Every structure is written in C-alpha cells, then in structure tokens.
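Here the structure is laid out as structure tokens; the discussion comes afterwards.
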Amino acid sequence: GKNVLITGSADGFGKVLAYKFAGEGANVILHARKNDRNVNKIENSIKELTEKFGVKAFAVYGELSKEEDVFNMFSAVIEKVDLDVLVNNGAVWPTAYVNEMTTDEFRSTVEINLVAPFILCREFCNYLEKQNPKSIAFDLMFIKSIKYGLAFSISSLLLITSLILV
C-alpha cells in the first residue's frame, strides 16, 4: 500500500483520515506533539489500525511551531518509508480575537498553520522529484505549480483573511 503521513492525527479529523486511508490499504504515519495524552492516543490508534486493517503504522512526534522539529519529523519518515502522500492536517485555532492577540500568539499560529505546511510541502516536492525524476508530465506540472504558486496562494489567503477580519 501507499505510505501516508498525516500531521495532527492524534484525534479529530486527522485520526479519521488515518482510519480512512488504512481502510483503503494505506500504511499510515501518525503525527502529534509529544505529550503523554497524545502518545497514548497515537499508540492506541497504531494498535487498532494494524489489527483492524492489517496495515503498517508508526508515529513521529514534533512541534509544528519549531522548524527544526518539522525537518526532523520529515527526515525520520523518509528514512523509514517511501512516502507517497502528505496530509497537512495539524493546525491550531487562535484562542484570542485579533484585537486581543499578542504578536507572539499570532506568530505561533502562522508557524503552525502556514509555515510548517509550507516546509513539509517543499520537502515533499523535493523528495518526490529525487525519487522519480522521470515522473509523468502531470505529476511534474503539479509539483511545479506547488513550488511556484504556494507562496502566492498563502500570502493571498492571508491578505483576504485580513480584509475579512477588518
């Protein structure tokens, strides 16, 4: 089966996605911040996924707000498996309104919700190109569109969001 990395998969939508992918025969790599609660949830999911669906599953832990953790997490995955699918699900919801939010809270939200997915997409695209430099044209076009359009898309989304919030 395909190997799928799903960030933020200790619970919620990420966990649901892990079960859906496993149900289709994919091996899943679960990700969460490392704390006792998440480790317990992830370990239970790994046991259930492997027993129920007969797929391989393992965990990687890291703080999406820390660039070094993001790189280490991705490196750990590609050292262990050939990664086929990346699902950037890990995110945080701000706990303060814009007019009450500190700059540090805003930066942390942006690091987790935008910068980490950007880094993972970039690393994944580079990884895919190295794995199969003779990919079919569609795959290369997709990778190049992400490579060249991601920063624009993210910055445009931020601008639109800012305008809506005002």
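Not measured: the values here are computed from a predicted model. Throughout, residue positions are numbered sequentially from 1 according to the sequence presented. The figures that follow rest on heavy atoms only: side chains count, while hydrogens, waters and symmetry mates do not.
- Here the side chain of Thr109 pairs no donor or acceptor atom with the backbone of Pro94 at under 3.5 angstrom.
- Between Leu30 and Lys15 there is no side-chain heavy-atom pair separated by less than 4.5 Å.
- At a threshold of 4.5 Å between non-hydrogen side-chain atoms, the residues Lys2 and Asn27 do not count as touching.
- At a threshold of 4.5 Å between non-hydrogen side-chain atoms, the residues Thr95 and Met101 do not count as touching.
- Across every non-hydrogen atom of Ile112 and Pro117, the tightest pair is O-CD, 3.3 Å.
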query: For Asp69 and Tyr61, what are the C-alpha separation, side-chain angles and deciding distance, and is it a side chain to side chain contact (heavy atoms under 4.5 Å, CB included)?
result: CA-CA 8 Å; Asp69 280 12; Tyr61 297 97; over 6 Å; no

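- Linking Ile, Leu, Val, Met, Phe, Trp and Tyr residues whenever their side-chain heavy atoms come within less than 4.5 Å places Ile29 and Leu64 in a single cluster.
- The two residues Val70 and Glu63 come nearest to each other via the heavy atoms CG2-O, 4.2 Å.
- The shortest side-chain heavy-atom distance between Val87 and Phe21 falls under the 4.5 Å cut-off.
- Rounding to the nearest 0.5 angstrom, the gap separating the CG atom in Asn38 from the CG atom in Asp11 is 6.5 Å.
- Both Leu128 and Phe118 belong to a common hydrophobic cluster when Ile, Leu, Val, Met, Phe, Trp and Tyr are linked at side-chain heavy-atom distances under 4.5 angstrom.
- With values rounded to the nearest 0.5 angstrom, Phe74 atom CZ is found 7.0 Å from Leu120 atom CG.
- A salt bridge is defined here as a Lys NZ or Arg NE, NH1 or NH2 lying under 4.0 Å from an Asp or Glu carboxylate O, and Lys41 with Asp36 fails to meet this definition.
- Between Asp82 and Gln131, the closest side-chain pair of non-hydrogen atoms falls below 4.5 Å.
- By the 6.0 Å and 45° rule, Lys80 stacks over the aromatic ring of Phe58.
- Here the NZ atom belonging to Lys66 is positioned 10.5 Å from the CZ atom belonging to Arg33, to the nearest 0.5 angstrom.
- The CD atom of Glu24 sits 15.5 Å away from atom OH of Tyr19, with the distance rounded to the nearest 0.5 Å.
- Considering only heavy atoms from C-beta on, Val110 stays 4.5 Å or farther from Arg107 through its side chain.
- Closest heavy-atom contact between Val4 and Ala26: CG2-CB, 3.9 Å.
- In terms of hydrophobic clustering, with Ile, Leu, Val, Met, Phe, Trp and Tyr side chains grouped at heavy-atom distances under 4.5 Å, Val85 and Met73 are assigned to different clusters.
- Nearest heavy-atom pair across Glu105 and Glu100 is OE1-O, 4.2 Å.
- Atom OG1 of Thr7 is separated from atom CG of Leu86 by 7.0 Å, given to the nearest 0.5 angstrom.
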**Prompt:** Yes or no on side chain to side chain contact (heavy atoms under 4.5 Å, CB included) for Val92 and Ser108, after CA distance, side-chain angles and deciding distance?
**Reply:** CA-CA 9 Å; Val92 294; Ser108 179; 5.7 Å; no

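- For Phe13, the side-chain contact (heavy atoms from CB on, under 4.5 Å) partners are Leu17, Asn89, not counting sequence neighbours.
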Give the C-alpha distance, both sets of side-chain angles, the deciding distance and a yes or no for side chain to side chain contact (heavy atoms under 4.5 Å, CB included) between Ile78 and Glu123. CA-CA 10 Å; Ile78 61 172; Glu123 296 306 302; over 6 Å; no

- Task: Mind running side chain to side chain contact (heavy atoms under 4.5 Å, CB included) on Lys56 and Val81 for me, showing each step along the way?
- Result: CA-CA 10 Å; Lys56 296 176 185 169; Val81 298; over 6 Å; no

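- Considering only heavy atoms from C-beta on, Val60 comes within 4.5 Å of Leu5 through its side chain.
- Residues Ile42 and Ala59 come closest through the heavy atom pair CG2-CB, 3.3 Å.
- Side-chain contact between Leu49 and Phe53: present, with at least one pair of heavy atoms (C-beta onward) separated by less than 4.5 Å.
- Annotation for Leu83 and Tyr127: closest pair N-OH, 2.9 Å, computed over non-hydrogen atoms.
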